[in-house]
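The structure appears below as structure tokens.
For clarity, every value in this text was computed on a predicted model and none was experimentally measured. When reading the values below, keep in mind they use all heavy atoms of this one structure, side chains included, and skip hydrogens, waters and symmetry mates.
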Amino acid sequence: MNAKSAVLAALVAGVLPVAAVAQAAPATPPAAPAAANAAAEAKLPPPSAFPAKIALINFEQAVVLTNEGQRAAMEVAKKYQPRKDKLDSEATEIDSLKKQLQSAPTTMPDDERNKRMKEIDTKDKQYQLDAEDASSSYNSDMQEALSKVAEKVHNTLLNYVQKNGYTLLLNVGDQSSPVMWAAQDQNADITEAIVQAYNAASGVAAPPPPAPAASSGTTHRPSAPRPASSK
């Protein structure tokens, strides 16, 4: 039973006795609306909190850390590696041209200097356009790839919390999360447990560690989509 069902059950349990008494009582003239409402409110039990077992999760991190999530991210990165190499080459060329212009003798004719500056500006603008286009395409493909994994991880998550008797789950990795504070109790964080449970259920082997690559100015960092809210 989820939290909403529990609350509904509590409300129904409190209302049913009143309805049963009303049906058993002899017919009486209808009371005034205000008096009837006051009598009904007096018979209802006061609201009270129901027992809660709370779990915390960083859902985006869980999706990315699963074997399938890592494999999906690596496949997208591999697809865009040629474009990244091309952008790195363009950036290197632009830097080289700028250094050449800076080290040029002061006797260089103005028309030649202006020509080089215009060439650098043209290449730099083209580089910016190419980088923005590559970044947009990369993020779109990464979002689509991780969305498929997120849907399956979400199912594993719901099964886990229901099986283990949790009544409230907080996604502490969501920037729009209503969580204001949470005790730093590692036993409450089920992120790693969900990663392990999903890996076991999916049967996807862990991907091999990526080969070390030279650092560059272009860095892509995958992020998982948010799960659909369950009510």
Side-chain angles (χ1 to χ4, degrees), residues 57-154 171-177 179-180 184 189 191-192 194-195 198-199 204-228:
I57 187 172
N58 186 325
F59 185 79
E60 293 188 3
Q61 182 181 21
V63 173
V64 175
L65 289 179
T66 61
N67 294 338
E68 190 171 353
Q70 293 181 61
R71 186 178 67 178
M74 290 176 65
E75 289 176 351
V76 175
K78 182 178 180 180
K79 174 184 176 182
Y80 281 86
Q81 188 61 45
R83 295 181 68 173
K84 181 178 182 299
D85 292 340
K86 183 175 182 295
L87 286 170
D88 290 344
S89 178
E90 291 178 4
T92 300
E93 180 185 4
I94 293 172
D95 287 341
S96 177
L97 291 175
K98 289 180 178 179
K99 290 178 180 179
Q100 292 177 19
L101 182 59
Q102 291 173 355
S103 60
T106 56
T107 56
M108 174 183 290
D110 290 342
D111 56 345
E112 177 64 21
R113 184 179 298 275
N114 292 335
K115 178 182 177 181
R116 293 193 181 189
M117 291 178 61
K118 183 177 180 180
E119 179 185 7
I120 293 173
D121 183 63
T122 300
K123 288 182 178 293
D124 189 51
K125 289 181 178 178
Q126 185 61 49
Y127 169 80
Q128 296 297 332
L129 291 175
D130 292 343
E132 291 176 4
D133 181 65
S135 179
S136 177
S137 298
Y138 172 89
N139 290 333
S140 178
D141 285 359
M142 184 66 74
Q143 186 81 358
E144 180 180 359
L146 292 179
S147 291
K148 298 176 182 178
V149 182
E151 292 177 3
K152 293 183 283 186
V153 174
H154 190 240
N171 182 12
V172 296
D174 189 348
Q175 295 297 325
S176 61
S177 171
V179 178
M180 300 296 293
Q184 298 302 309
D189 192 329
T191 302
E192 181 60 28
I194 294 302
V195 171
Y198 182 79
N199 286 342
V204 178
S215 61
S216 64
T218 305
T219 303
H220 294 298
R221 195 178 294 249
S223 60
R226 300 174 183 172

Query raised in the report: Under the 3.5 angstrom rule, does the side chain of N199 hit a backbone N or O of V195 as a donor-acceptor pair?
Result: yes
**Report entry** Inter- and intrachain pairs under salt bridge (charged side-chain N to carboxylate O under 4.0 Å, His left out), touching residues 64-78, at least two apart
**Finding:** E68-K152
**Report entry** Nearest-0.5 Å distance, CG of residue D174 to CD1 of residue I57
**Finding:** 12.0 Å
Query raised in the report: Any side-chain heavy atom of F59 sitting closer than 4.5 Å to one from V172?
Result: no
Report summary line: With D121 as partner, the option from K118, K123, K125 fulfilling salt bridge (charged side-chain N to carboxylate O under 4.0 Å, His left out) is K125
Report task. Quick one: pull up OG in S176 and CG in N171 and give me the separation to the nearest 0.5 Å. Result -> 8.5 Å
Query raised in the report: So which heavy atom on T66 is nearest to which on G69, and how close?
Result: OG1-N, 2.9 Å
Query raised in the report: Are T122 and Q126 close enough, and set up right, to give a side chain to side chain contact (heavy atoms under 4.5 Å, CB included), and what steps lead you there?
Result: CA-CA 6 Å; T122 300; Q126 185 61 49; 5.7 Å; no
Query raised in the report: So which heavy atom on A131 is nearest to which on L87, and how close?
Result: N-CD2, 3.7 Å
Query raised in the report: Does A134 offer a backbone N or O that forms a donor-acceptor pair with the side chain of S137 under 3.5 Å?
Result: no
**Report entry** Charged N-O contact under 4.0 Å between R83 and D133
**Finding:** yes
Requested in this report: Determine, step by step, whether K84 and D88 satisfy the salt bridge (Lys or Arg N to Asp or Glu O under 4.0 Å) criterion, reporting the C-alpha distance in whole Å, the side-chain angles of both residues, the deciding distance to 0.1 Å, and the verdict.
Outcome: CA-CA 6 Å; K84 181 178 182 299; D88 290 344; 3.2 Å; yes
Report task. Could you tell me whether M117 atom CE has more than 12 heavy atoms of other residues or ligands within 6.0 Å of it? Result -> no
**Report entry** Full working for side chain to side chain contact (heavy atoms under 4.5 Å, CB included) between V153 and I194
**Finding:** CA-CA 8 Å; V153 174; I194 294 302; 4.0 Å; yes
Report task. Could you go through the side chain to side chain contact (heavy atoms under 4.5 Å, CB included) check for L146 and V64 one step at a time? Result -> CA-CA 8 Å; L146 292 179; V64 175; 4.2 Å; yes
Report summary line: Sorted by chain and residue number, the side-chain hydrogen bond (donor to acceptor under 3.5 Å, both in side chains) partners of R113 (sequence neighbours excluded) come out as none
Query - Heavy-atom neighbours of D110 CG exceed 12 at 6.0 Å - result: no
Query raised in the report: Without hydrogens or angle criteria, can the side chains of N67 and Y198 be said to hold a donor-acceptor pair below 3.5 Å?
Result: no
Report summary line: Heavy atoms of M74 and P208 approach each other most closely as CE-O, 3.6 Å
Query raised in the report: Just by distance, with hydrogens left out, do Q143 and N139 show a side-chain donor and acceptor under 3.5 Å apart?
Result: no
For a quick test of your reading: what N or O donor-acceptor pairs under 3.5 Å do the side chains of residues 96-105 make, sequence neighbours left out?
unit_1, atom_1, unit_2, atom_2, d
S96, OG, Q100, NE2, 3.3
S103, OG, K99, O, 3.0
S103, OG, Q100, O, 3.2

Query raised in the report: Does K79 reach the side chain of Y138, with side-chain heavy atoms less than 4.5 Å apart?
Result: no
Query raised in the report: Using 4.0 Å as the upper bound for N to carboxylate O, is an ion pair formed by K86 and E90?
Result: yes
